[in-house]
Structure formats: C-alpha cells, structure tokens
Amino acid sequence: MKERLLTLKEEALRELAQVENQQQLADLRIKYLGKKGPLTEILRGMGALSAEERPVIGQVANEVRGAIEEVIEAKQAEYTAAETNARLAAERIDVTLPGRPAARGAAHPISKVIEEIEDIFIGMGYTVAEGPEVEQDYYNFEALNLPKNHPARDMQDSFYITDEILMRTHTSPMQVRTMEKMKGHVPVKIICPGRVYRRDDDDATHSHMFTQIEGLVIDKGIRMSDLKGTLLQFVQELFGKQTQIRMRPSFFPFTEPSAEVDVTCAMCGGEGCRVCKHTGWLEILGSGMVHPRVLEMAGYDPEVYSGFAFGLGVERVAMLKYDIEDIRHFYTNDLRFLKQFVHL
C-alpha cells in the first residue's frame, strides 16, 4: 500500500507539472483528491491493515495528500495572480489624459426673458414683488373691481380649490397686497413676475399655465403720459431703439382708462409680414390708469393719488424675441429646443 501511495504521488506531480490552465488544474484536483479518487480508495482500505501498519500508512497518505495539495494551491495562486494582472492591465486608466468635461446647462429662455425684464425695470427704479400662486378670491378678483358674478370673470376662468381659494389668474393680486402693505404711503413702484393659471385649451399660442409680469406705480400726479413714456422706454430696451408703441382703447375692470399696447413688428420693422399679419404691429401687453375703486379699496384716496398698471405675458415676449412659433416648446423639456439658448 505504501508503494501504491508513492507511485500515486509521482503520477500526480507529473501530471500537475504539465497543467496549462485552470480547468485542467480543477480536473486533476477532482481526479486525485475527489471522493472517487485513488487516494480516497486507498484510505478506505486501511481498515484491513494491522494496528502496527495503520499509523505508518496513514502518515504516508497524509504526506502524499499534502504534496499534491501544495502543488495545486501554488498553481492556483499563479493563475489567480495572472488573471488579476490581466484585468488590471485591461482596466487601467491613464490619469494623465484630460477629463471629459461635464455638459454645461443654461438658463431656460423664459428665465432669460424674466431676468432681462427685471433688469430693465430695476434700472428704472422699480422693485420686484412676488406672491402666492394659490390665491384668495378677494385679492384675485374682488379687490381688483371684479365682484362676484361680474361678467369679466369669464375671461379669466380659473382652477378653484374652494369657493374662496383658487390658482391665481394673473399677478395683479400682488399689486393689491403691496398697496395694503404700504398703508397709503407713496411712492409704490413695483413689478410682479410669476406663474398664473387659467382654464384654457393648450395650442400654439395658449397654455393653461403661463408666466406674467405686471407693473404698478402709485404716487401723486401720475398721468397717462407717464405710462406711455415708461412702456416706450421698456420696449426700446427690450427690442431695440427703433421700436415704437401704439396704444389702443380697451377695457380692464381694474384700470380706467385702459389700453392695449402694440409694438412695431421686430420681424419686418413695421413694414408688414406674416408674423404681424401684414399690419406692422404686434400686441404685447395691456395697461391703463389704476381704477379709482381699486385705489380706494387698497387704502388710497383717489382724489389725491393716481397710478398706472400694465401686464404682459413673458412667453409672448419670448416668442417675439426669439422667433418661436409654438408656446408649447417652452414646457416640453426638449433639449434640441433648449440648446439653442445656451449662448444667448
């Protein structure tokens, strides 16, 4: 039995010396050290040996097993190290190469226009006032000379949360809130930017949600000519010095008199084109002198103080400024559209 063990050892070591890959190594481990291997069979036959032979054969068997396992583990360590080195070489990163620059974002075109408009009016001495988008019916309608059941409310059909709470239909509530905060003191000179909501069908020129900027000036001796001069300076700063304005009579419950304001078409310079429907003018905002009733409800004596107000849709201005034909482009988050404004 001792000779069989030594012969087995020589045979195993000879085969292990010729191993070329891990699969062959695994096969030889099973062949010699597995449950059905020759070494296991020899050990099972030790029960037939005498008491004196068992310790001797057991020691030889352990030496043979140890020699075979030592060679297998050494070979396995070599293959593992080679595999690790190959993986590290394949996954090596050259830290001397320049990094990949992160994609640079840009302000949304609506944000760009809001900031530009704010800069213009701040330069004219205005301050920026912001308020809640979820508004009380009183501030959204009643304090602006639009009592309940007033027919003009149909023009601003909104999303109601309760009978007295709604999503604001314009930023005009901030005008009332500011006048109340001022408690009859002057001057008041603010612009109010923010999102507004109306129950409208979405199409190329309408949206149920859009952005508005309104302006308000209250003081002694404010006249319609002050309003016209302010708006003329504003549009010339925004669209260019060549831009002119045209004021047409209109109706708003919170101003009297009221006017729609047109600007010369930026596309054709007033000559007439498809954009302006060959009129040479584009409607841009509504305006007027603050209604005496609105002044009175906010705590100002209309016999002493007067003021003007105006409001414009930011999307409308952005569409004219950047020649955009569909308002829905602003809200689809299409990078192909937004990337046009990165360098503006």
Side-chain angles (χ1 to χ4, degrees), residues 105-122 126-144 146 152-181 190-216 234 238 252-255 260-261 283-287 294 309-322 324-335 337-338 340-341 344:
H108 192 279
I110 295 298
S111 299
K112 287 178 179 287
V113 173
I114 291 175
E115 290 175 1
E116 187 173 357
I117 292 174
E118 287 179 346
D119 286 344
I120 292 171
F121 280 105
I122 289 173
Y126 287 69
T127 58
V128 178
E130 296 181 344
E133 296 178 18
V134 180
E135 188 55 272
Q136 298 179 38
D137 182 271
Y138 173 80
Y139 288 108
N140 196 82
F141 289 126
E142 294 182 44
L144 292 167
L146 281 162
R153 286 196 180 202
D154 294 339
M155 300 169 58
Q156 297 189 18
D157 194 12
S158 182
F159 300 95
Y160 278 85
I161 299 172
T162 69
D163 289 342
E164 298 298 328
I165 303 295
L166 70 156
M167 303 301 292
R168 67 181 180 186
T169 61
H170 47 189
T171 52
S172 300
M174 270 312 296
Q175 299 181 20
V176 179
R177 288 179 177 275
T178 300
M179 286 190 286
E180 286 186 351
K181 184 178 179 180
I190 62 168
I191 57 169
C192 314
R195 283 188 296 269
V196 299
Y197 306 83
R198 297 183 187 180
R199 294 180 60 184
D200 208 345
D201 294 329
D202 291 359
D203 57 30
T205 56
H206 298 84
S207 174
H208 67 280
M209 179 198 76
F210 56 98
T211 314
Q212 211 173 47
I213 292 184
E214 301 207 13
L216 173 70
F234 162 62
L238 189 64
F252 302 108
F254 31 83
T255 54
E260 298 282 0
V261 180
E283 180 182 329
I284 189 175
L285 57 84
S287 64
V294 174
F310 57 86
L312 58 93
V314 177
E315 286 82 355
R316 175 66 171 164
V317 173
M319 291 174 74
L320 295 176
K321 189 174 181 64
Y322 300 129
I324 298 169
E325 77 285 355
D326 195 321
I327 193 174
R328 290 170 290 193
H329 290 326
F330 292 123
Y331 309 116
T332 55
N333 296 324
D334 190 331
L335 290 178
F337 171 76
L338 296 175
Q340 301 176 77
F341 306 95
L344 293 180

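For the single chain, residues carry numbers from 1 onward in sequence order.
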Return the CD to OG distance between Glu260 and Ser287, rounded to the nearest 0.5 Å. 8.0 Å
Any side-chain heavy atom of Asp137 sitting closer than 4.5 Å to one from Asp163? no
Polar side-chain atom of Thr171 near backbone of Cys192 as donor-acceptor pair, under 3.5 Å: yes
For side chain to side chain contact (heavy atoms under 4.5 Å, CB included), just list the numbers for Val113 and Tyr322, CA-CA rounded to whole Å, side-chain angles, deciding distance to a tenth of an Å, and then say yes or no. CA-CA 10 Å; Val113 173; Tyr322 300 129; 3.9 Å; yes
Output for pair (Thr205 OG1, Arg328 CZ), nearest 0.5 Å, gives 9.0 Å
Where Ile117 and Leu238 come nearest, the two heavy atoms and their spacing: CG1-CD1, 4.4 Å
Leu285 to Gly311 - nearest heavy-atom pair and separation: CB-O, 3.0 Å
Interatomic distance, OG1@Thr178 vs CD1@Ile191, rounded to 0.5 Å, equals 11.5 Å
Leu312 to Ile284 - nearest heavy-atom pair and separation: CB-O, 3.7 Å
Mind checking the CG-OH spacing from Leu144 to Tyr138? Nearest 0.5 Å is all I need. 9.0 Å
For the residue pair Ala129 and Pro193, what are the closest heavy atoms and their distance? O-CD, 3.5 Å
Would you check if Asp334 and His329 make a side-chain contact, meaning some heavy-atom pair closer than 4.5 Å? no
Parallel, tilted or perpendicular: rings of His170 and Phe141 (30°, 60°): tilted
Restricting to ring-ring contact (aromatic ring centres under 6.0 Å, His included), what partner residues turn up for Phe121, sequence neighbours left out? Tyr126, Phe234, Phe310
Taking the side chain as C-beta and beyond, is there a heavy-atom pair between Ile165 and Glu135 under 4.5 Å? no
Counting C-beta onward and ignoring hydrogens, is there a side-chain heavy-atom pair between Phe210 and Val314 closer than 4.5 Å? no
Taking every heavy atom of Val128 against every heavy atom of Ile122, the minimum-distance pair comes out as CG2-CD1, 4.1 Å
State, yes or no, whether a side-chain contact exists between Gln175 and Phe254 at a heavy-atom distance under 4.5 Å. no
Determine whether a donor-acceptor pair (N or O, by modelled atom type, separation under 3.5 Å) exists between the side chain of Asn140 and the backbone of Thr169. yes
Looking at Val134 and Met167, what are the two nearest heavy atoms and their distance? CG2-SD, 3.8 Å
Check whether any side-chain N or O of Arg168 sits under 3.5 Å from a backbone N or O of Arg195 as a donor-acceptor pair, and report yes or no. yes
Angle class for the Phe330/His108 ring planes (parallel below 30°, perpendicular above 60°, tilted otherwise)? tilted
Could you check whether any side-chain heavy atom of Glu315 comes within less than 4.5 Å of a side-chain heavy atom of Tyr331, counting everything from C-beta outward? yes
Quick one: pull up CG in Asp119 and CD in Glu115 and give me the separation to the nearest 0.5 Å. 7.0 Å
Is any side-chain heavy atom of Met179 less than 4.5 Å from a side-chain heavy atom of Leu216? yes
Interatomic distance, OH@Tyr197 vs NE2@His208, rounded to 0.5 Å, equals 8.0 Å
State whether a side-chain donor-acceptor pair under 3.5 Å links Asp201 with His206. no
Is there a donor-acceptor pair under 3.5 Å between the side chain of Glu180 and the backbone N or O of Arg177? no
